[in-house]
Each structure stands twice: as C-alpha cells, then as structure tokens.
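These notes concern the structure reproduced below.
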Amino acid sequence: MSSATVTVMQKNLKYQLKSVEKVHVKIWEDAKDASIHIARSIALAIRQKQQEGERIVLGLATGSSPIGVYKELVRMHREEDLSFSNVITFNLDEYYPMSPTAQQSYVRFMHEYLFDHVDINPKNINIPDGTIEMDEVEAYCKQYEEKIDLVGGIDIQLLGIGRTGHIGFNEPGSWRDSITRLVRLDGITRRDAIKDFGTAEAVPYRAITMGIASIMKARTVYLMAWGQHKAAILQKAVEGPISTNIPSTFLQEHPNVKVIVDKAAATELTRVKTPWLIGMCNWNDDLMSQAVIWLSQQTGKSILLLTDNDYNEHHLSDLIIEYKSSYELNIKVHNQLQDTITGWPGGKPNADDSRRPERATPAKKRVIIFSPHPDDDVISMGGTFLRLVEQGHEVHVAYQTSGNIAVHDYDALRYIEWMQEFGGAFELLDKENKTSLERAAKQLRSQSAQKDSPEIRQVKGMIRRGEARAGARFCGLKDKQIHFLDLPFYETGTTRKKPLAKVDIEIIKGLLEDIKPHQVYAAGDLADPHGTHRVCLNAIFAAFEALKKEKWMNDCWLWLYRGAWHEWPVHEIEMAVPLSPMELYKKRRAIFMHQSQKDTPPFPGNDEREFWERAEDRNKATAAQYRALGLSQYEAIEAFRRWKF
Ligand code: F6R
C-alpha cells in the first residue's frame with residue numbers, strides 16, 4: 001500500500017469516526033498513563049495562570065476514576081514544585097446527609113487524596129455540605145452555584161461516569177438546564193456504593209450535586225472512564241443519542257470535552273468492537289477472527305456456513321479480497337477455534353502439541369493457581385483446577401489476600417461466640433483471651449464501628465481461610481500445596497486499599513522462586529482497574545518482571561482466567577477447557593465450601609445471583625457460543641488467555 005493511500009485511509013477514517021463518536025475520545029493503553037496525561041495538562045494550566053498572575057478554578061470529582069490524577073498532581077507538587085496557591089476548587093457532589101468526618105464523605109476523600117498533600121489555601125476549597133438542614137438546602141445550593149459564577153466559572157472540570165450514565169450525581173431524568181440541587185440517587189448508583197458503606201441500608205438515598213448546566217459551563221471538561229465495567233455506558237455516552245436517560249450524553253453539546261479512556265473501557269466503542277463498520281481496516285489475524293466470529297453471531301449461522309454474500313452485506317468484502325475467499329477464511333477461523341479446545345489444560349502427554357494451547361512436556365507440570373480472594377480459584381476455574389489435579393500435575397494454590405472485609409458481622413459473631421463457649425467449656429481461655437473475645441463480640445453486636453478492629457479482621461480472615469482450605473482440599477490438594485499470602489496492601493479493614501508495595505511483590509516472587517512453576521494461572525480481570533483483582537495481577541506482573549532473567553522462567557507460562565464478573569470474548573480465548581455436567585456439578589460443590597459468601601455475599605457487585613450461579617451461567621454461555629459458531633456441543637467451558645511478556 002502506498003503512503004498516499006494510507007493517508008487517504010486515515011483521513012477517511014477520521015471523518016467516518018466523527019459520524020459515530022460525537023465527542024473527542026482518546027484511548028490509552030492503561031489508566032495510569034492516561035491519568036498522568038490529564039494531571040500534566042491540569043498542571044500546565046495551573047502554571048500558565050500563575051505566570052499571568054491569575055487564579056484557576058478546578059471542578060473536581062471523587063470516586064475511583066480521578067485517584068490516579070490526584071496522585072500525579074501530588075507527586076508534581078512534591079517533586080516538581082507545582083504550587084496550588086492560585087487554585088480554587090469546587091467539588092461536584094456530596095452524599096446527603098453526610099458528616100464531613102465520616103469514612104465515606106467526599107470531604108474526607110478529597111483531603112485524603114489531594115488537599116492534605118498540596119499547598120492549596122483551605123479557603124479556596126468548596127465541597128457541597130452534607131450537614132445542611134433540609135429546609136436550608138435550596139438556598140445553600142443557589143449560593144454554591146453563585147459562588148462558582150462569582151469566581152469566573154470553572155476552567156477545567158474533571159468527571160467520572162457512573163453505570164447509570166450519570167455525571168456528578170445527575171442521574172437519569174436530569175435535565176440539560178439543571179443546576180446545583182438535592183437529588184435522589186439511582187438504585188444502581190446506591191448498589192455500586194455498597195462497597196464503600198458496607199451494607200445497602202447504610203447508603204444514603206440522596207446527594208447534593210452540581211447540575212448538568214453547571215457542568216456544561218466549564219470551559220474544558222475531561223471525562224474519564226477506566227475498566228471494562230464502564231465500556232457499555234461509555235459507548236452510549238459517546239455514540240448514543242442525546243437523552244435525559246443518559247445525562248452524560250449532554251456532553252456531546254459541549255465545545256471542549258475530552259473523553260479519556262483506557263483500553264478496557266473502550267471495548268464497546270464501534271471503532272474497537274466492529275471497526276469494519278467505520279472504515280477500511282488494517283487486517284491482521286486477530287482482527288480477522290474477531291470479524292468472522294462477529295459475522296457468524298450477526299447472521300446466526302455457524303462459521304462454516306458463511307457465504308461471500310454474508311461478508312459483502314456486512315461491510316466485510318475487503319476481508320474476502322485479503323484472504324482470497326470466504327471458504328478459506330471460514331475454515332481458517334473454524335480450525336483456530338477448534339485448536340483452543342482441550343481437555344488437557346496442563347498439556348497432553350505424548351501428543352503432537354503443535355496446535356494445542358499447552359506444551360506436552362514436561363508431562364507432569366508444577367502449577368500455581370493465584371486466587372486474589374479466597375474463592376476466585378474455584379469460581380473462575382474450578383473445573384480446570386480439578387482436571388489439573390486429576391491429570392497428576394503438582395498443583396499449588398495461592399490465596400493472595402485474606403478477603404477479610406467480605407465476611408458479614410453476624411458470621412464473625414457466630415464464630416466468636418463459638419470460641420467463647422468452646423474455650424469456656426474446656427477452660428482453654430486465659431483472662432486476656434476472654435477480654436479480647438468479649439471486646440470483639442461487643443463491637444460486632446453494637447455495629448458501631450466504621451472499620452473492623454484487628455481482632456475482628458483476624459477472625460474474619462480465619463473464616464475465609466477455613467473455607468478456602470476446604471475448597472482446595474475438595475479439589476484434591478494436600479495442605480502443603482495451599483498457600484495463604486495475606487498480601488499487606490489489602491489489610492486496611494476498609495474497601496480502600498493501600499497501594500501495591502514492594503513487600504507485596506516480594507511475597508509473590510518468593511512463592512514463584514520456591515516452586516518454579518511451568519504454569520501460572522491468575523485472575524486477568526481488568527473490569528475494575530482499582531479493584532483487588534487488578535492489584536493482585538499487577539503484583540504478579542511485577543514479580544514476573546523481576547524474575548524474567550531466571551532460566552526456569554523461560555518455561556513458565558502465564559494463563560489468565562477471568563473473575564466472577566465477566567468472561568473473555570470468544571475471539572480472545574486461547575484455551576477453552578470443556579466441562580461435563582458432572583464436572584460442572586463438582587465445581588459447584590467446591591464453590592459451596594465458601595459458606596460465608598453464599599446467599600448474599602457482602603460485596604455482590606452489580607449482579608444479584610450467587611457466585612456459583614454466575615460461574616455456571618458464564619461457563620454455559622461460552623459453551624453455547626462455541627456451539628453456535630459450529631463447534632462441538634459441551635455442557636460448559638472455562639476460558640483462558642495466555643499472557644505473553
Ligand atoms: C463523583 C461523582 C460520580 C463519579 C461516578 C464514577 O464525585 O460525581 O459521578 O464520578 O459515579 O465513579 P467511579 O469513578 O468510582 O467509577
């Protein structure tokens with residue numbers, strides 16, 4: 001292809017992209033780099049205003065999305081003399097009612113992540129007050145709005161996007177001309193907030209938020225979205241029609257909005273999901289498989305039944321030109337998918353492995369299954385776990401975190417009372433033990449603490465350990481193959497975790513060095529870039545990086561499974577392990593060992609079903625997709641993707 005043709009293609013693409021994406025979107029490889037980019041743009045604007053002797057007004061957001069931006073701003077303040085002396089801030093929102101000292105208050109959040117670490121004048125900080133009397137709220141909101149206008153309006157507004165499509169707390173139904181006011185939170189938003197408040201009942205029903213009109217007046221707007229769980233709503237916000245049902249779509253009318261997303265949040269955008277619908281593509285084998293699988297799903301035909309006509313009618317004619325004919329293309333993709341299926345996840349001994357996902361040798365492999373929480377191993381790959389043990393591999397499981405915050409208080413109390421009774425009956429408790437058990441029981445009964453004491457955390461951690469041990473033993477492991485890593489980053493007693501530190505990485509490294517595995521399985525769940533799964537994965541990546549020069553590492557393959565929330569799309573699967581109905585039932589029993597997570601786990605996420613139900617539905621759905629594409633019929637399939645460094 002000549003460079004002139006490429007330029008024309010790119011120009012056309014830009015033009016066609018504009019017809020689909022109604023705001024300017026930039027996709028970054030990961031959230032960290034994207035956040036640094038935003039922080040630097042803000043820092044530049046602050047410095048420019050400083051040089052001109054002027055103030056700058058920032059509109060700030062809370063939640064997980066802006067944390068990386070604040071982190072970089074703090075770093076620049078510490079290391080690059082970035083001063084906030086000319087900065088005035090207005091926060092978007094606050095729960096109502098809310099005490100500023102409460103764990104979940106946005107006042108506390110802002111101080112923790114930004115204000116306490118920079119030289120901003122406290123008088124320049126404005127955050128809606130969640131303690132205002134109800135009959136004064138209206139006047140207070142009016143003043144808040146006027147105050148923004150009085151300082152000349154917002155120069156740069158930072159926004160996250162909620163799963164309802166809200167910006168600020170402007171939930172579906174918010175009007176274009178809405179200003180700062182008291183609002184009712186959407187059910188989905190309240191559900192998402194359970195992770196911060198502990199229980200559904202504790203989440204406030206209301207909030208004070210700047211309105212859509214207040215946000216639209218800002219001169220520059222950055223909308224951030226990180227992680228797969230934002231992909232569907234982001235697509236609607238960027239490509240969908242403007243509607244009060246999705247308030248973020250109003251941003252399409254803003255003259256200077258920049259939507260900054262990571263790769264995971266971009267997965268539902270047309271240019272990523274079905275780029276052939278936008279313009280000409282630079283085809284490679286991965287994109288080709290993606291297109292053929294999409295075409296098969298679109299037409300409802302299995303891959304081998306697709307015709308030239310199907311390709312032509314679905315914007316894929318250039319694919320046929322590139323790969324000669326639909327006949328060859330179909331066979332190629334069909335066979336590729338066929339080659340992902342294996343009942344031998346540890347490799348099939350004495351078999352030709354040239355087209356198999358795993359190596360045949362060594363026939364007996366050393367394997368580590370890393371599980372971020374104590375139940376992810378069985379939920380996400382219980383069938384493969386059982387199979388690996390049955391096929392004689394030396395399987396180890398490593399529980400990365402204690403999972404102690406995800407145990408209900410009433411369960412912890414039950415165990416403590418059991419210890420008190422048992423210890424009392426056999427006179428096993430000294431005075432000190434008795435007092436500490438009493439203290440813990442009292443705290444659990446009163447439900448007054450915002451944060452578990454170290455004793456309660458220990459009890460909750462022990463409950464989860466016992467369950468994990470039972471699950472791993474059920475899968476056939478001996479106790480010496482079960483490792484509890486209790487990574488320190490997790491041990492805060494709240495949902496806000498410490499950043500990943502060297503000590504966490506050293507623990508993972510230590511285990512890898514001890515076992516020198518041929519296979520490592522890890523949760524490749526990129527759904528939440530700030531969540532525990534992602535941090536646990538980063539710890540593994542960092543340990544691999546540190547060990548990459550070791551000879552045994554050449555033989556160490558890393559397979560990623562996905563957590564309880566979503567699955568690999570079919571075109572990304574590199575190993576598909578089919579499960580029979582009996583194996584699926586056995587997997588269910590392994591999940592049942594996690595009694596504290598049954599019925600209603602403390603952190604169910606956005607899915608009402610129990611973990612075993614989600615796992616089974618997901619594994620059955622993968623099998624159904626393979627079947628619909630024209631491959632053999634299986635009860636269920638567990639899916640993996642290999643991570644190549
Ligand atoms: C926070 C706010 C919300 C969040 C949104 C996304 O001040 O107004 O609109 O930006 O709910 O939250 P995260 O970033 O936690 O996904």
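Just follow the structure's listing: the first ligand is 1, and inside any ligand the first atom is 1.
Evaluated by nearest non-hydrogen atom to atom 10 (O) of ligand 1, the leading choice among Ala193, Ala225, Gly160 is Gly160. In this structure, of Ile161, Leu185, Ile127, the residue bringing a heavy atom nearest to atom 6 (C) of ligand 1 is Ile161.
Near Ala61, the atoms of ligand 1 lying under 4.0 angstrom from a non-hydrogen atom of the residue are 7 (O). Those atoms of ligand 1 with a heavy atom of Leu92 less than 4.0 angstrom away are 8 (O).
Scanning the protein for heavy atoms near atom 14 (O) of ligand 1, the closest one is Ser65 OG, 2.5 Å. Nearest protein heavy-atom neighbour of atom 15 (O) of ligand 1: Ser64 N, 2.7 Å. Protein heavy atom at the shortest distance from atom 8 (O) of ligand 1 is Asp93 OD2, 2.4 Å. For atom 11 (O) of ligand 1, the closest non-hydrogen atom on the protein side is His166 NE2, 2.6 Å.
No option in Phe541, Trp559, Tyr561 other than Phe541 meets the ring pair (Phe, Tyr, Trp, His ring centres under 6.0 Å) test with Trp643. With Leu92 as the fixed residue, the side-chain contact (heavy atoms from CB on, under 4.5 Å) test singles out one of Thr62, Leu60, Ile215, Ile167: Ile215.
In terms of polar-atom proximity, Gly168 is counted as a contact of ligand 1, with an N or O under 3.5 Å from an N or O of the ligand.
Put simply, part of Lys230 is less than 4.0 Å from ligand 1, judged by heavy atoms.
Atom NE2 of residue His254 and atom NE2 of residue His24 lie 14.0 Å apart, to the nearest 0.5 angstrom.
Stacking of Lys230 on the aromatic ring of Trp226 is not recorded, the 6.0 Å distance cut-off and the 45° axial limit not both being met. Taking the ring axis of Tyr205 as reference, the NZ or CZ atom of Arg190 stays within 45° of it and closer than 6.0 Å to the ring centre.
Heavy atoms from both the backbone and the side chain of Thr62 come within less than 4.0 Å of ligand 1.
Under the 3.5 Å distance criterion, the side-chain polar atoms of Asn91 are left unmatched by any main-chain donor or acceptor of Asp93.
Classification of Arg191 and Asp186 as a salt-bridged pair fails, no side-chain N sitting under 4.0 Å from a carboxylate O.
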>> Determine whether Val238 and Lys22 satisfy the following criterion, side-chain contact (heavy atoms from CB on, under 4.5 Å), listing intermediate values before the conclusion.
In response: CA-CA 6 Å; Val238 167; Lys22 296 166 186 146; over 6 Å; no

